[in-house]
Protein chains: 2
Amino acid sequence: MDLKEAREKFIEAWGAFGSAWGINRSMAQVHALLLISHEPLSTEDVMEQLNISRGNANMNMRALIDWSLVRRVLKSGERREFFEAEKDVWKVATHITRERKKRELEPLIRLLDELEDIPGATAEAKSFRKMTHDLHDLTTRLDTLLDHSTRRDVQWFVKAATTLLK
Amino acid sequence: MDLKEAREKFIEAWGAFGSAWGINRSMAQVHALLLISHEPLSTEDVMEQLNISRGNANMNMRALIDWSLVRRVLKSGERREFFEAEKDVWKVATHITRERKKRELEPLIRLLDELEDIPGATAEAKSFRKMTHDLHDLTTRLDTLLDHSTRRDVQWFVKAATTLLK
DNA sequence: ACTTTCTTTCAATACTATTTGAAACTTCCG
DNA sequence: CGGAAGTTTCAAATAGTATTGAAAGAAAGT
């Protein structure tokens, strides 16, 4: 397999992978392209290499910046902006984890918190209380875990935990 | 807030939460309904309580069984089938983790494995090799971690890790 | 073997999300 | 200031997913 083919495969796979995680395909593909590019790329470069429209490229680039996965870079003497991905995979993991925690886990915990003490003595009410309570406990623990593991450094955490479990 | 309202909120939220994770809304809602029901429910019950069609209820129930999140239950004297969710939230977490690992993480690792040794001496080729190698390392570690944590017991793992990080 | 009751399938339809492309906007420079 | 070069926005078009409902299939009882 040559480099060109391999790059295409990587971009495609990263796109599919992203889809399964609620990240849209283009956004994931732009990310993939920037991850494997040696030099920062311009909007034009991205449009061309992925065959997507200007609007699409722009929107997804901004979303990636929002996730702290991509930075704007200014090249001296150049008017237009260039974009560069964070290349440290451990940092990438930290940013993604934090962002998803904030967007998905935290709202769920807040809801479960509200729903925890619904009154009622029927079996249905008891069943409901137990479920929300247990889920609240689980999600809170997970939240703490992710919090610490990203506050310090995922790399450290994953390595330590792997050792612990061996 | 009364029980009825709380149940509706829970079902709705679980549905929205599921969507963000690539699980379709109905599937997540059926799951939510079964999670908070004291008794096993029939297809009719689910159709009625969620206002969805028979086909939809049926398909999603089968998908949930496939994920080991729901079991078929036979009530003696009844012809039709009933469905019951796994209520132990730690087991639920284990099943979901395992399933997603199998469906998403493992294929990615296999691909990265293939892409790790693409030849070429250009800066682009080196950049590509470094990225696939680093990602392979990260995903493999994560895989091991998830593997152990679900083989034993997520509960044990999360509690241990939380302590470790305190 | 027929009827009843329930389950499963699947083509048509409805719904949601993504992408485009062109217009509006901004910035920089002579 | 005027215009060239680039960026951003957003309504409309397209593509992608989920849902319905009716028909076919299974299983159980008579």
Side-chain angles (χ1 to χ4, degrees), chain A residues 11-34 39-67 70-84 103-104, chain B residues 11-34 39-67 70-84 103-104:
Chain A
I11 290 169
E12 195 188 319
W14 201 250
F17 193 64
S19 295
W21 288 80
I23 286 159
N24 88 52
R25 219 179 76 250
S26 297
M27 177 169 162
Q29 290 190 343
V30 172
H31 188 215
L33 175 61
L34 291 171
E39 292 277 299
L41 302 183
S42 68
T43 304
E44 298 274 339
D45 294 333
V46 172
M47 285 167 63
E48 200 175 294
Q49 296 201 44
L50 299 178
N51 284 303
I52 61 175
S53 72
R54 184 175 299 281
N56 195 0
N58 185 266
M59 266 182 33
N60 289 121
M61 222 97 85
R62 277 185 307 120
L64 287 166
I65 291 171
D66 206 47
W67 281 64
V70 167
R71 283 183 284 280
R72 273 172 221 278
V73 178
L74 296 171
K75 280 195 187 176
S76 63
E78 282 272 14
R79 174 94 95 77
R80 66 216 155 117
E81 296 173 328
F82 288 78
F83 300 89
E84 176 182 62
R103 293 175 194 218
E104 293 149 26
Chain B
I11 290 169
E12 194 188 319
W14 202 249
F17 192 64
S19 295
W21 289 80
I23 285 159
N24 87 52
R25 218 180 75 250
S26 296
M27 178 168 161
Q29 290 191 342
V30 172
H31 187 213
L33 175 61
L34 291 171
E39 292 277 299
L41 302 182
S42 67
T43 305
E44 299 273 340
D45 295 332
V46 172
M47 287 167 61
E48 200 175 296
Q49 296 201 43
L50 298 178
N51 284 303
I52 60 175
S53 73
R54 185 175 298 282
N56 195 0
N58 184 266
M59 265 184 33
N60 288 121
M61 221 98 83
R62 275 186 306 119
L64 287 166
I65 291 171
D66 205 47
W67 280 65
V70 167
R71 282 184 283 281
R72 274 173 221 276
V73 178
L74 296 171
K75 280 195 184 173
S76 64
E78 283 271 13
R79 171 96 94 77
R80 66 216 157 120
E81 295 172 329
F82 288 78
F83 300 89
E84 177 182 60
R103 293 177 193 215
E104 293 149 25

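Order of the sequence lines fixes the chain letters, A, B, ..., with proteins taken first and strands second; residue numbering starts at 1 for each chain. All figures in this text were calculated on a predicted structure; none of them were measured in a lab.
- Between the CD atom of B:E81 and the C1' atom of D:dA28 there is a distance of 13 Å, given to the nearest Å.
- Going from atom CZ of B:R62 over to atom CG of B:D66 covers 9.0 Å, rounded to the nearest 0.5 Å.
- Sparse packing is recorded around CD of A:E12, with 12 or fewer heavy atoms of other residues, nucleotides or ligands lying under 6.0 Å away.
- B:F83 has its side chain out of reach of B:D45: every pair of non-hydrogen atoms, C-beta onward, lies at least 4.5 Å apart.
- Inter-residue side-chain proximity for B:W21 and A:E104 is flagged as met; some heavy-atom pair is nearer than 4.5 Å.
- Rounded to whole angstrom, the span from the CD atom of A:E78 across to the P atom of C:dT27 amounts to 19 Å.
- No side-chain heavy atom of B:T43 sits less than 4.5 Å from a side-chain heavy atom of B:R80.
- At whole-Å resolution of the value, CZ in A:R80 and C1' in C:dT26 are 17 Å apart.
- Rounded to whole Å, atom P of D:dT8 lies 9 Å from atom CE of A:M61.
- The shortest distance between the side-chain N/O atoms of B:T43 and the OP1/OP2 oxygens of C:dT7 is below 4.0 Å.
- Rounding to whole angstrom units, CD of residue A:E44 and P of D:dT8 are separated by 13 Å.
- Between B:F82 atom CZ and C:dT7 atom C1' there is a gap of 14 Å when expressed in whole angstrom units.
- With A:V70 as reference, A:L34 is the one residue of A:L34, A:V30, A:L41 to meet the side-chain contact (heavy atoms from CB on, under 4.5 Å) rule.
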Contact letters for nucleotides 9-25 of chain C, in which S counts primed atoms plus P, OP1 and OP2 and B counts the base, heavy atoms under 4.0 Å: B--------SBBB----
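- The side chain of B:R79 lies closest to D:dA27 when the candidates are C:dT7, D:dA27, D:dG6.
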